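What follows is a single structure, written as structure tokens, with notes after it.
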Amino acid sequence: LELTPEVASLHDDADLPPRLRMTEWEPLSVEAGEAVPLEYDTIERLLSACRLELQTLFGYTAENRGVGITGSVSLVELDGPDVVVKLEGRFWHQRPTVLERVKNYIVQRCPEVVDVTVDDIESLSDEANVDV
């Protein structure tokens with residue numbers, strides 16, 4: 001896998017907590033409207049691409065962490081046609097907005113997905129929006 005400088009800088013994360021390290025999943029960059037299959041590997045790769053495309057939402061870059069954005073999103077499981085994710089850390093946007101943006105990204109590329117939810121409904125509260 002050859003990474004662009006922008007993507008490579010996101011992988012220079014040896015000093016970061018594990019939740020902010022980019023995954024080893026190669027980003028699956030497809031245009032909205034294309035249909036990819038609903039498979040665990042495909043969703044992991046879509047989520048990896050989502051982290052790059054919507055990077056201002058998350059704390060995967062030094063610039064974002066420098067202003068206190070430390071939020072991360074990770075795949076928990078596929079529950080039939082539902083994708084379950086975990087949100088951790090501090091986000092600039094409200095957590096329901098972050099979840100909605102991630103959902104839109106995934107559903108536009110994998111129309112078999114019925115819903116994208118969080119593993120813990122409390123993680124959508126303002127109280128959960130803290131650095132961990």
Side-chain angles (χ1 to χ4, degrees):
L1 170 66
E2 189 171 319
L3 301 175
T4 65
E6 178 181 81
V7 175
S9 71
L10 294 175
H11 282 75
D12 184 20
D13 54 15
D15 296 330
L16 295 177
R19 69 176 181 78
L20 284 177
R21 293 183 190 149
M22 293 297 286
T23 68
E24 296 303 315
W25 294 97
E26 179 183 353
L28 179 59
S29 298
V30 295
E31 295 295 319
E34 292 185 38
V36 298
L38 176 58
E39 298 169 351
Y40 189 88
D41 292 2
T42 304
I43 299 301
E44 278 281 16
R45 293 183 62 207
L46 275 179
L47 200 52
S48 190
C50 176
R51 290 181 191 109
L52 294 173
E53 190 164 321
L54 304 178
Q55 67 180 299
T56 58
L57 295 178
F58 307 110
Y60 296 108
T61 65
E63 181 181 5
N64 289 0
R65 289 189 305 276
V67 294
I69 300 170
T70 61
S72 65
V73 61
S74 58
L75 180 62
V76 173
E77 67 177 340
L78 292 182
D79 184 13
D82 295 336
V83 174
V84 181
V85 298
K86 178 183 222 60
L87 297 178
E88 293 183 281
R90 182 177 295 135
F91 295 91
W92 179 261
H93 297 84
Q94 291 183 332
R95 286 167 166 254
T97 302
V98 173
L99 179 63
E100 188 63 30
R101 301 266 315 267
V102 170
K103 175 182 176 176
N104 287 340
Y105 186 91
I106 292 173
V107 170
Q108 288 177 356
R109 290 155 180 83
C110 185
E112 291 177 71
V113 172
V114 172
D115 201 7
V116 177
T117 61
V118 289
D119 63 332
D120 177 7
I121 196 69
E122 291 298 316
S123 72
L124 294 178
S125 70
D126 288 341
E127 291 77 25
N129 200 35
V130 296
D131 197 11
V132 287

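Given the structure is predicted, the values throughout are model-derived calculations rather than measurements.
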(message) For F58, is there any backbone N or O sitting under 3.5 Å from a side-chain donor or acceptor partner on N64?
(response)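 Yes: the side chain of N64 pairs with the backbone of F58.
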(message) For the backbone of T70 and the side chain of R65, can you confirm whether one donor and one acceptor N or O come within less than 3.5 Å of each other?
(response)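 Flag not set: sc R65 to bb T70 has no pair under 3.5 Å.
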Over all heavy atoms of both residues, which pair between [X] and [Y] is shortest? Give the atoms and the distance, please.
X: L78; Y: E39; answer: CD1-C, 3.7 Å
X: E112; Y: L38; answer: OE2-N, 3.3 Å
X: V118; Y: V84; answer: C-CG1, 3.9 Å
X: R90; Y: G68; answer: CD-O, 3.3 Å

(request) Taking the side chain as every heavy atom from C-beta outward, state whether V102 and L47 have any atom pair closer than 4.5 Å. (result)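 The answer is yes, as the side chains (C-beta and beyond) meet within the 4.5 Å cut-off.
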(message) For a side-chain contact (heavy atoms from CB on, under 4.5 Å) check, start with the C-alpha distance between Y60 and L52, then their side-chain angles and the critical distance, and finish with the verdict.
(response) CA-CA 9 Å; Y60 296 108; L52 294 173; over 6 Å; no
Any chance you could measure [X], atom [atom1], to [Y], atom [atom2], to the nearest 0.5 Å?
X: S72; Y: E88; atom1: OG; atom2: CD; answer: 5.0 Å
X: R51; Y: L57; atom1: CZ; atom2: CG; answer: 12.5 Å
X: E77; Y: T117; atom1: CD; atom2: OG1; answer: 8.0 Å

(message) Would you say CD of E63 has more than 12 non-hydrogen atoms from neighbouring residues, nucleotides or ligands within 6.0 angstrom?
(response)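 No, not enclosed.
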(request) Check the hydrophobic clustering (I, L, V, M, F, W, Y; side-chain heavy atoms under 4.5 Å; chains of links allowed) and say if Y40 and L28 are grouped together. (result)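 Same cluster.
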(request) Is it possible for you to say whether V76 and I121 belong to one hydrophobic cluster, with membership spreading through side-chain heavy-atom contacts below 4.5 Å? (result)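 Cluster IDs for V76 and I121 differ.
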(request) Could you give me the CA-CA distance, side-chain angles and deciding distance for C50 and V73, then say whether side-chain contact (heavy atoms from CB on, under 4.5 Å) is met? (result) CA-CA 10 Å; C50 176; V73 61; 5.8 Å; no
(request) Would you please name every residue forming a side-chain hydrogen bond (donor to acceptor under 3.5 Å, both in side chains) with D79, sequence neighbours left out? (result)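 Checked D79 against side-chain hydrogen bond (donor to acceptor under 3.5 Å, both in side chains); zero matches.
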(message) Walk me through whether S123 and R95 qualify under side-chain contact (heavy atoms from CB on, under 4.5 Å).
(response) CA-CA 8 Å; S123 72; R95 286 167 166 254; 4.0 Å; yes
(request) Compute both the distance and the angle, then confirm whether R109 meets the cation-pi test with Y105: under 6.0 Å from the six-membered ring centre, within 45 degrees of the axis. (result)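 Checked: cation-pi criterion met.
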(request) Report the residue from D82, L46, I106 that forms a side chain to side chain contact (heavy atoms under 4.5 Å, CB included) with V113. (result)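 The single option meeting the side chain to side chain contact (heavy atoms under 4.5 Å, CB included) with V113 is I106.
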(request) Give the C-alpha distance, both sets of side-chain angles, the deciding distance and a yes or no for side-chain contact (heavy atoms from CB on, under 4.5 Å) between V83 and D115. (result) CA-CA 6 Å; V83 174; D115 201 7; over 6 Å; no
